[in-house]
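Notes follow once the structure below has been shown.
Keep in mind it's a predicted model, so treat the numbers as computed, not measured. Throughout, a chain's letter reflects where its sequence line sits, starting with A, and its residues are numbered from 1.
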Protein chains: 2
Amino acid sequence: MSEQKLNPFEHYTDIFKALSDVTRLKIMWLLLSIDSKICVSEIIDVLCENQYNVSKHLKILKKAGLVYEKKEGKWTFYHYCGSTGYFEDMVKKAVLTIPEDKMVNEIERCKKRLSMRVDGKCVVGTESED
Amino acid sequence: MSEQKLNPFEHYTDIFKALSDVTRLKIMWLLLSIDSKICVSEIIDVLCENQYNVSKHLKILKKAGLVYEKKEGKWTFYHYCGSTGYFEDMVKKAVLTIPEDKMVNEIERCKKRLSMRVDGKCVVGTESED
DNA sequence: ATTTCATATGCCATTATATGCATATGAAAT
DNA sequence: ATTTCATATGCATATAATGGCATATGAAAT
């Protein structure tokens, strides 16, 4: 609402900045790769990150307009915002060029975690806390 | 040489971070758009930025592997590194989606400044200092 | 109504980043 | 050799980002 852009490049720099952090970049990679929504506890387990940091990083991605939030009961699901412009499209493609083998562990944990869903619905929270 | 990557994503995050600053993003846009080398004094005049900041920002872009430096006498020219991979390619395309009309002033000043070259060589330094 | 669970957020310390200014470097001109 | 010019860099400071911890919120389960 009151988000005044200081300069006409803030949109672009915000997106680049959002992706300049490992955790956020991994989240984006996941979101783009699995091409479905994923809830916070799942991200926590997949990335082996703690709860509050994941939440904070998601907020930054959301503010940059990269992800979308959808509450479902106790859970909050996030997914990629989809094509909003040429720039975002190219950024998406850039993120997707990051090779899978840099994400092997995350991919494995993600498969495991998503397979725990019942009827496509997330039913369990976080196992591991660091 | 001793550049140890802390994590396998640093390459990507470094590039995104390099582009998360207005001045650096503008420099990249220019470099990609004019598709030729440009020296520091020219960048200073085109962006109406001061000398030391431009130098510092260029250093960051260089460290991210986005630009290349070439000394010619008193001048240091910078240009885009060219395709080094799919990721860099997409990032380049992303930057180039930023519409010209956000850069009208810079484009105008750039044309003016580059037209001052003699035989394609930069011959004058900076006019404006803030 | 209380507890539990999933997520968000506020506060603090630490660290990173950007800017301004002064000065250093190093090439060319005098 | 000295000066001038183009660029780089070190230092100080202001500001922002990050992570840890405690706690708040709000929905579901009991």
Give me the distances for all protein-to-nucleotides 7-11 of chain D N/O pairs that come in under 3.5 Å?
{"from": "D/dT7", "atom 1": "OP1", "to": "B/Val40", "atom 2": "N", "distance (Å)": "3.2"}
{"from": "D/dT7", "atom 1": "OP1", "to": "B/Thr76", "atom 2": "N", "distance (Å)": "3.3"}
{"from": "D/dT7", "atom 1": "OP2", "to": "B/Ser41", "atom 2": "N", "distance (Å)": "2.7"}
{"from": "D/dT7", "atom 1": "OP2", "to": "B/Ser41", "atom 2": "OG", "distance (Å)": "2.2"}
{"from": "D/dT7", "atom 1": "O3'", "to": "B/Thr76", "atom 2": "OG1", "distance (Å)": "3.3"}
{"from": "D/dA8", "atom 1": "OP1", "to": "B/Tyr78", "atom 2": "OH", "distance (Å)": "2.6"}
{"from": "D/dA8", "atom 1": "OP2", "to": "B/Ser55", "atom 2": "OG", "distance (Å)": "2.5"}
{"from": "D/dA8", "atom 1": "N7", "to": "B/Gln51", "atom 2": "OE1", "distance (Å)": "3.4"}
{"from": "D/dA8", "atom 1": "N7", "to": "B/Gln51", "atom 2": "NE2", "distance (Å)": "2.5"}
{"from": "D/dA8", "atom 1": "N6", "to": "B/Gln51", "atom 2": "OE1", "distance (Å)": "2.9"}
{"from": "D/dG10", "atom 1": "O6", "to": "B/Lys56", "atom 2": "NZ", "distance (Å)": "2.8"}

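Summarising the geometry, the separation between CD on B/Glu10 and C1' on C/dA16 is reported as 13 Å, rounded to the nearest angstrom. Computed from coordinates, the B/Glu49 CD to C/dA18 P distance equals 12 Å when rounded to whole Å. For the pair B/Lys37 NZ and D/dA6 C1', the computed distance is 15 Å after rounding to whole Å. Computed from coordinates, the B/Lys17 NZ to D/dA16 C1' distance equals 12 Å when rounded to whole Å.
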* Asked: According to the Watson-Crick and G-U wobble definition with distances under 3.5 Å, which dot-bracket string, read 5' to 3', encodes DNA chain C, using [ ] for crossing pairs and | for pairs with another strand?
  -> ||||||||||||||||||||||||||||||
* To do: Dump the intermediate steps for side-chain contact (heavy atoms from CB on, under 4.5 Å) on B/Ile38 and B/Arg117, then the final yes or no.
  => CA-CA 11 Å; B/Ile38 183 168; B/Arg117 287 183 182 175; 4.1 Å; yes
* Between B/Lys112 and B/Arg109, does a side-chain contact (heavy atoms from CB on, under 4.5 Å) hold up when you go through it step by step? -> CA-CA 5 Å; B/Lys112 254 184 208 151; B/Arg109 286 193 297 262; 5.5 Å; no
* Asked: Given A/Leu25 and A/Asp21, is the side-chain contact (heavy atoms from CB on, under 4.5 Å) satisfied, shown in steps?
  -> CA-CA 6 Å; A/Leu25 184 55; A/Asp21 172 276; over 6 Å; no
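A sub-4.0 Å separation between OP1 or OP2 of D/dG20 and a side-chain N or O of A/Asn50 is present. Contact annotation: A/His57 reaches the phosphate of D/dG19 (side-chain N/O to OP1 or OP2, under 4.0 Å).
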Which donor-acceptor pairs under 3.5 Å do side chains of residues 92-103 of chain B form with protein atoms, sequence neighbours excluded?
{"from": "B/Thr97", "atom 1": "OG1", "to": "B/Ala94", "atom 2": "O", "distance (Å)": "2.6"}
{"from": "B/Lys102", "atom 1": "NZ", "to": "A/Pro8", "atom 2": "O", "distance (Å)": "3.3"}

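Put simply, OH on A/Tyr68 and SG on A/Cys81 are 8.0 Å apart, with the number rounded to the nearest 0.5 Å.
A salt bridge does not link A/Lys26 with A/Glu49: every distance from a Lys NZ or Arg NE/NH1/NH2 to an Asp or Glu carboxylate oxygen is 4.0 Å or more.
As judged by a 4.0 angstrom heavy-atom cut-off over every strand, B/Val124 is placed among residues touching the sugar-phosphate backbone only.
Here the two rings, on A/Tyr12 and A/Phe87, have centers that are under 6.0 Å apart.
Here the options are A/Lys59, A/Lys63, A/Lys62, the test is salt bridge (charged side-chain N to carboxylate O under 4.0 Å, His left out), and the partner is A/Glu69; only A/Lys62 passes.
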